There are 2 protein chains.
Amino acid sequence: MVTISDIAKQSGVAKSTVSRFLNGGSVSETTKLKIESVINETGYIPNTFAQSLKAKRTNIIGTIVPRLNSFATSQTLIGIDEQLREYNCQMIISNTSQNLEREIENIYSFAKQKIAGIILLATQITEAHLEATRKVNIPILLVGQQHDAFYSLIHNDFDAGYDIGKYVLEKGHRKIAYLGVSEKDIAVGLKRKSGFQRAVSEHSDCEVHYYETSFKIGEAIKKVPSIIDSIQPTLFVCATDNIALGVLKAASLKGLNIPNDVSITGFGGYDMTEIVYPGITTIKFYYEEVGTKAAQMLMKLINDEKVDKTTILNYKIIERESVDNLSLSNL
Amino acid sequence: MVTISDIAKQSGVAKSTVSRFLNGGSVSETTKLKIESVINETGYIPNTFAQSLKAKRTNIIGTIVPRLNSFATSQTLIGIDEQLREYNCQMIISNTSQNLEREIENIYSFAKQKIAGIILLATQITEAHLEATRKVNIPILLVGQQHDAFYSLIHNDFDAGYDIGKYVLEKGHRKIAYLGVSEKDIAVGLKRKSGFQRAVSEHSDCEVHYYETSFKIGEAIKKVPSIIDSIQPTLFVCATDNIALGVLKAASLKGLNIPNDVSITGFGGYDMTEIVYPGITTIKFYYEEVGTKAAQMLMKLINDEKVDKTTILNYKIIERESVDNLSLSNL
DNA sequence: CTGAAAGCGCTTACAG
DNA sequence: CTGAAAGCGCTTACAG
């Protein structure tokens, strides 16, 4: 193990000078060169712990995720990781398995570890979150949800909901099943639905039935048959791609043809929506870019630079084959 | 920030005694009680960096993964994480984005960070891996691949290949397209194929055509049409579920009915194989259990306990609807 | 621009 | 069982 003392000795300077060199302080050109070459020769790498102990700050970023096996999470993590690498930061990922308490625990334990900042992929913000945030006093960036007490980076869920609503209405659908999730999840449960409802409200002749399910594909699969039987919608609007995938499976099992017998839309832009047959029309959110952006924002927060309280990211609608054009077939 | 000195003062003992208490050294019952209560009052948590700096060992485990957005990886990580939590260990995940050089870099950088051990979800072992392993001198557990120089935890790829081969042959398939990946990936590319070939070799009347593709779904989708046109197989045996998903998509696009026109099998047991229509018959590997087991093994390695050089994990075949029974239809 | 010194919070022989 | 002391590898005023 080569330490800063070794470098100092071999370069014929003091430890403090080496340290200054390492941290971009003022060092003369000649000593700079000398130290540099010694470091290269020896392959010296600073001991992170010693640095952190003294500096009371690490270059470690903690990311708290509700689950690891989700397309959105994976892509976001990739983006964060990629960006953090450029900042020479490490990322620690903490998976809470959808357990809100663990989320809180993790905030505290990250704080004790002197982590530089936290990226929280949140689904809900509770009173405990607020309290933890107040106490720990390290920068936290909320991703995917908005809350007054946090800096946040969110998808444009409302507009996305509005656009998908307008889109399917233009295609002539008037009897629609909306398969949503709990409104406790403001972004996914509430905003997407509200946007959609706004679009619906612009058409007086539209009949929409609202249902609530979970994020689990299996649950959607189970719920669909009875919905089809009872109201015979021409279209399912699903609050997530996973739910859409479940509807597709259930409808296929029922022997229905998509989109001729029933149409489907999702939200997310998960890879799988393109792989299934037929491809599912959906709203694509740019998860990886969200990750990159999140890392950038957190970095600014850490460095006390100015950051907008809320940043809204864009989306785009991807038209595939899962939505029938009824207005066309009526001609 | 409350430190060990605070605890010492308030308990009326020396820092070293507190430290001994914390680390399970010999402390009298009365001082034990005293220290304990002070710690509880103050909410003291040891500073990880100070500990690590001195002890030259952390409770951090590094996991190196080739990609983050893979079902197998995610599930394995969940298993590792869950188990590590019980050991009070942190996990740092490092994503190499399939870049072998980054894998090597990460081994070194983990070593410099005094990480306790490394779990390497490997696809290939190169000379550089061997060199890194020799140099860093910290326990490394290989997951998914076997190599003499490593402790490893692997799937039973050969037997799985053999079983799927036997299964489809029993179903009467005799004209088969095997869609594999590079043999550089010993486990996925070579062993699965070898096992399958062994099964085939037991039937003289079987015609198999071997093709190579990547792990990317898109590439499989592109390759399939020409294969179907040129040899008209009754069945595709795919070396991974993603490839199988691609074949299903391509065949569906071609207007073929699965399994009536062409059958498909995969390897892996990814969630998605159950969600697509029809469900894909596949080999299920227990990825989450692999993760748990990996964490357990690495822990033993770290504690210098005895560990088998190679541990082979089980699998099971999941029959779904993607394989036609030709022997039945011939009756 | 440079160096000596103190100290970050902990652990570890060592002596008692 | 307990305490004083040294030291892990680094950074940071401070003085020059």
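Since we're looking at a predicted model, the values are computed, not measured.
- Taking E103(B) as the reference, H129(B) meet the side-chain hydrogen bond (donor to acceptor under 3.5 Å, both in side chains) condition, with sequence neighbours excluded.
- Rounding to whole angstrom units, NZ of residue K9(B) and P of dA4(D) are separated by 13 Å.
- Close to dT2(C), at under 4.0 Å from its OP1 or OP2, lies a side-chain N or O of S28(A).
- Screening residues 71-112 of chain A for ring-ring contact (aromatic ring centres under 6.0 Å, His included) gives F71(A)-Y270(A) as the qualifying pairs, with residues at least two apart or on separate chains.
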> So what does the secondary structure string of DNA chain C come out as, 5' to 3', with Watson-Crick or wobble pairs under 3.5 angstrom, [ ] for crossing and | for pairs with another strand?
Replying inline: |||.||||||||.|||
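- A search for side-chain hydrogen bond (donor to acceptor under 3.5 Å, both in side chains) contacts involving Q124(A) returns nothing, not counting sequence neighbours.
- Within the structure, side chain to side chain donor-acceptor pair (under 3.5 Å) contacts touching residues 31-48 of chain A (residues at least two apart or in different chains) are S28(A)-T31(A).
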> What one-letter contact string describes nucleotides 10-16 of chain C from 5' to 3', where B marks a base within less than 4.0 Å of any protein heavy atom, S marks contact via sugar-phosphate atoms alone, and - marks no contact?
Replying inline: BBB----
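- Nucleotides of DNA chain C nearest to G12(A) and F49(B) differ in position, and the one nearer the 5' end is that of G12(A).
- Pairs passing the ring-ring contact (aromatic ring centres under 6.0 Å, His included) check and including a residue from residues 11-43 of chain B, sequence neighbours excluded, do not occur.
- Taking only side-chain nitrogens and oxygens, T17(B) comes nearer than 4.0 Å to OP1 or OP2 of dG3(D).
- Here dA6(C) presents its C1' atom at 13 Å from CG of L53(A), a figure rounded to the nearest Å.
- Residues N95(B) and E82(A) have side chains that never bring a donor and an acceptor to within less than 3.5 angstrom of each other.
- Every residue meeting the salt bridge (Lys or Arg N to Asp or Glu O under 4.0 Å) condition with E131(B), not counting sequence neighbours, appears here in chain and number order: K135(B).
- Counting only residues at least two apart or on different chains, no salt bridge (charged side-chain N to carboxylate O under 4.0 Å, His left out) pair has a member in residues 293-312 of chain B.
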